[in-house]
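Everything on this sheet refers to the single structure shown next.
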Number of protein chains: 2
Amino acid sequence: MGKPTITDLARAAGVSVTTVSHAFSGRRHVEPETRRRIEALAEEIGYRPNHRAQRLRTGRAGSIALVSSMPFAVAAGPSRLGFLMEIAAAAAVTAFSRGISLCLVPPLGPRDSLEALEVDGAIVVEPERDDPVLDFFSDRGVNIVCIGRAPGRDDLPFVDLQSGATARLLLDHLFSGNSNVGLITGQQRRNSYIEMEAAYAARIEETGASPTAIRIDENGGEQAAAEAAERLLRAEPSISALCVPVDAFATGVLDAARALGRRVPEDLRLATRYDGMRAKLATPPLTAVDLHLDHVAAAAVDLLLAHLGDGATTPQALAPPTLVVRPSSTASKRSNSARSPDGRSRA
Amino acid sequence: MGKPTITDLARAAGVSVTTVSHAFSGRRHVEPETRRRIEALAEEIGYRPNHRAQRLRTGRAGSIALVSSMPFAVAAGPSRLGFLMEIAAAAAVTAFSRGISLCLVPPLGPRDSLEALEVDGAIVVEPERDDPVLDFFSDRGVNIVCIGRAPGRDDLPFVDLQSGATARLLLDHLFSGNSNVGLITGQQRRNSYIEMEAAYAARIEETGASPTAIRIDENGGEQAAAEAAERLLRAEPSISALCVPVDAFATGVLDAARALGRRVPEDLRLATRYDGMRAKLATPPLTAVDLHLDHVAAAAVDLLLAHLGDGATTPQALAPPTLVVRPSSTASKRSNSARSPDGRSRA
DNA sequence: GCGTTCAAGCAAAACGATTTGCAAAAGGTA
DNA sequence: TACCTTTTGCAAATCGTTTTGCTTGAACGC
């Protein structure tokens, strides 16, 4: 015969299945001595509750999904992967520590391939406006939590990526060098771009400078950014600093600068958002923002769980994003002795 | 009332639940016209089969796990993450295209935290000898497929990482420059280290050179490697090339070389294994091996599925690993015009 | 007209747990 | 003793499928 069931265990212990169930779940009191006997016996005969049966009965799936709204395979590639995967790793750890597992969901191609998915809730990373992923889960009655506000969906709970603060951090830094600052964001309408553009517009308004902001299709990746940046820098040679939140775009800008013979940071100061491998290992290393993605991921898991009414651990407050200054943006007059000059030591 | 069940659908269609079930599964013939009516009606009333019930009945979980035997959070950190996550992304895509989902499993801390996991099978990435992860799944009767042979577990199916070929590729390249080649591997007993060490020993035997091989605890990460490499290079100043399969160790070696004033590649040639961000973006970019991890991941998923008797897609043959020569190992006499000199263009 | 076969569909038994309502025993009070 | 309350445990219903026999009715050969 197969694996022992709760019935086998009950028979062995000389009690009913109800009692066994209660002994494990604690939903009702059972005589401590009885419980101990049951537990010992369970261990002995190797009983383990059947999750599939539990799930049918309770209606819980015991797992959540982590979804990127951006294709894995698309050009933004390894870098974007870094962002998502840093979240994935932390989310997996948190989820498992809460007793649920985490499914990594690739972008939905043919819509029905996601049918297989069976989850209690989903964490969607930086959705764009009208993101089909959101509809997919909404349709199925799956709880959603976003990382980064979902544009146009104020009904959805989210963990704040603090994009406004991040934007101001970067812009404060770049504008401080008395530079003529340009902006390169993504074409997709993600909240972080929207807030970045708003902060930039506010800055421009304040200083009376002339705005130089362009958008690039994320799918073009590094190369599209390099081409666009080259055109931009030719057209507007007075630009002396660029805020480029997408790190793949930022390295593209580095290529463009090299092609144009403009040194970074002496002739062009540069800063990006996600402080990943790419920013850290670029030449020169890129000024970036530590978004505390591990905390963000953990908070997202806990927020989702709270919405599921499960483990009501109160999501703790998030630390504000912090600027990590690296050589790519040190003001040209000053020496390279800014904090964390090499950007590699803490990798 | 809640979501429509198969019973509701059967009633609506004026047939029995059996017929509905057969209409969807195709296990028995149903009148084409009846089937069409059922399908249309299903669409109309919004019926979707309950996965939990299906799973209880069929005994399939509909998902597989991807497990790293190495802690996420441990010092090897972002780099190791790259390796695992590159596999995770590709595996997720393949798995979903086969109609099953993929759970990302963090390392097991307290053993029971993994209890929540409910999968049909597990892919374990580069297990070490006596890896507890393997026992965990074996105990539970979960099918296992490894990426990279599991040392001491010849019973387990695996997707070959072709570590022997990889080792020879790297060693051929380094020895070709008439260099005095040293080796730095990891202390853990993973198959790739074992095969690398064997290939190195064979080389030494052949050439009559004196061996200089050390092992470093993976948990020490980049810094431990830097310290060990510095000691090694001081003790054996004649070493003119280092084979360092772990990329985090390789960048550590770069630091050590810098500290000792040895230029790479002029004074010290260097090559690593995993061709990730780290290798590509290092200064100078590191010679590495393209392991075709995306194919490996896909093959692992298909192999696992084959063992589950599910989608018996024959795993296609794997492409051999290919050397990607970068400036870190170009022989000192030659110019830097080896193929792919900058290592960034194809990122 | 009689057996045989086949197609199409149905009723009911699993799958293995949780949960509800009820019963027996135990203790407390009047 | 009678009555009420609490504790402890049980039997049976339930979750929504899949799957196994079993019934029809029709087609077929003879």
Side-chain angles (χ1 to χ4, degrees), chain A residues 1-39 41-42 45-63 99 115-118 120 140-141 309-310, chain B residues 1-39 41-42 45-63 99 115-118 120 140-141 309-310:
Chain A
M1 45 161 266
K3 287 183 54 173
T5 74
I6 197 174
T7 313
D8 300 327
L9 178 54
R11 190 161 24 230
V15 298
S16 76
V17 294
T18 314
T19 307
V20 175
S21 177
H22 289 331
F24 283 123
S25 70
R27 299 267 305 168
R28 278 200 197 167
H29 189 81
V30 325
E31 188 72 4
E33 201 226 331
T34 313
R35 149 175 319 195
R36 256 189 301 279
R37 198 174 71 242
I38 291 175
E39 279 167 355
L41 226 40
I45 68 175
Y47 167 75
R48 256 191 288 271
N50 181 318
H51 286 125
R52 289 182 274 262
Q54 285 179 319
R55 280 162 200 183
L56 170 57
R57 186 57 232 235
T58 62
R60 307 210 91 83
S63 63
E115 284 300 344
L117 198 62
E118 171 69 21
D120 294 321
R140 279 160 187 71
D310 206 49
Chain B
M1 42 163 269
K3 288 183 53 175
T5 74
I6 196 174
T7 313
D8 300 327
L9 178 54
R11 191 163 22 232
V15 297
S16 75
V17 294
T18 313
T19 307
V20 175
S21 177
H22 288 331
F24 284 123
S25 70
R27 299 265 305 168
R28 278 202 198 168
H29 188 81
V30 326
E31 188 74 3
E33 202 226 329
T34 314
R35 150 175 319 196
R36 258 189 299 280
R37 199 175 71 241
I38 292 176
E39 280 166 354
L41 226 39
I45 69 175
Y47 167 75
R48 255 192 287 272
N50 181 317
H51 286 125
R52 290 182 274 263
Q54 286 180 317
R55 280 163 200 183
L56 170 57
R57 184 58 230 231
T58 62
R60 307 211 92 84
S63 63
E115 284 301 342
L117 198 64
E118 171 68 20
D120 294 321
R140 279 160 185 71
D310 207 49

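Here is the naming used below: chain letters follow the sequence lines, and residue numbers restart at 1 for every chain. Only a predicted model underlies this, so the values are computations on that prediction, with no experimental measurement involved.
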**Prompt:** Between A:Val17 and A:Val30, which is nearer to the 5' end of DNA chain D once each is assigned its nearest nucleotide?
**Reply:**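 Nearest-nucleotide comparison on DNA chain D picks A:Val30.
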C:dA11 phosphate, OP1 or OP2, under 4.0 Å from B:Thr18 side-chain N/O: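 Result: no.
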Contact class for [X] (heavy atom, under 4.0 Å): base, sugar-phosphate, or nothing?
{"X": "A:Ser25", "answer": "nothing"}
{"X": "A:Arg27", "answer": "sugar-phosphate"}
{"X": "A:Thr19", "answer": "sugar-phosphate"}
{"X": "A:His22", "answer": "base"}

What's the spacing between [X] [atom1] and [Y] [atom2] if we round to 0.5 Å?
{"X": "A:Leu56", "Y": "B:His51", "atom1": "CG", "atom2": "NE2", "answer": "13.0 Å"}
{"X": "A:Arg52", "Y": "B:Gln54", "atom1": "CZ", "atom2": "CD", "answer": "13.0 Å"}
{"X": "A:Glu118", "Y": "B:Asn50", "atom1": "CD", "atom2": "CG", "answer": "6.5 Å"}
{"X": "B:Ile38", "Y": "B:Glu33", "atom1": "CD1", "atom2": "CD", "answer": "10.5 Å"}
{"X": "B:Tyr47", "Y": "B:Leu41", "atom1": "OH", "atom2": "CG", "answer": "12.5 Å"}
{"X": "A:Arg60", "Y": "A:Arg55", "atom1": "CZ", "atom2": "CZ", "answer": "11.0 Å"}

Whole-Å distance separating the [atom1] atom of [X] from the [atom2] atom of [N]:
{"X": "A:Glu31", "N": "D:dT6", "atom1": "CD", "atom2": "C1'", "value": "13 Å"}
{"X": "B:Arg11", "N": "C:dC10", "atom1": "CZ", "atom2": "C1'", "value": "15 Å"}
{"X": "B:Arg55", "N": "C:dA17", "atom1": "CZ", "atom2": "P", "value": "18 Å"}
{"X": "A:Arg28", "N": "C:dA23", "atom1": "CZ", "atom2": "P", "value": "14 Å"}
{"X": "A:Glu118", "N": "D:dT17", "atom1": "CD", "atom2": "C1'", "value": "13 Å"}
{"X": "B:Arg60", "N": "D:dG16", "atom1": "CZ", "atom2": "C1'", "value": "19 Å"}
{"X": "A:Arg37", "N": "D:dT8", "atom1": "CZ", "atom2": "P", "value": "14 Å"}

Under the side chain to side chain contact (heavy atoms under 4.5 Å, CB included) criterion, do B:Glu39 and B:Phe24 qualify, and how do the steps go? CA-CA 8 Å; B:Glu39 280 166 354; B:Phe24 284 123; 4.3 Å; yes
D:dT8, C:dT19, C:dA8: which one has an atom nearest the side-chain heavy atoms of A:His29?
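Within the option list, the nearest is D:dT8.
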- When you get a sec, tell me which of C:dT20, D:dG9, D:dT19 is the closest nucleotide to the side chain of B:Ser21?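 Given the options C:dT20, D:dG9, D:dT19, the side chain of B:Ser21 is closest to D:dT19.
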Inset, instruction - Specify the angle, to 10°, made by the local axes at the two ends of the helix from C:dG1-D:dC30 to C:dA30-D:dT1 when five pairs are taken at each end. - result: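 Both end axes considered, the difference amounts to 50°.
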Please list, pair by pair, any protein nitrogen or oxygen found under 3.5 Å from a nitrogen or oxygen in nucleotides 13-16 of chain C.
{"from": "C:dA14", "atom 1": "N3", "to": "B:Arg57", "atom 2": "NH1", "distance (Å)": "2.7"}

> Can B:Ser16 and B:Thr19 be counted as having a side-chain donor-acceptor contact under 3.5 angstrom?
Replying inline: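 Per modelled atom types, B:Ser16 and B:Thr19 side chains form a pair under 3.5 Å.
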> Would you say B:Arg27 has more than 12 foreign heavy atoms packed within less than 6.0 Å of its CZ?
Replying inline: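 Atom CZ in B:Arg27 is not crowded, with 12 or fewer foreign heavy atoms closer than 6.0 Å.
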A:Leu9 and side-chain contact (heavy atoms from CB on, under 4.5 Å): which partner among A:Val15, A:Val17, A:Val20?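 Filter result, single survivor: A:Val20.
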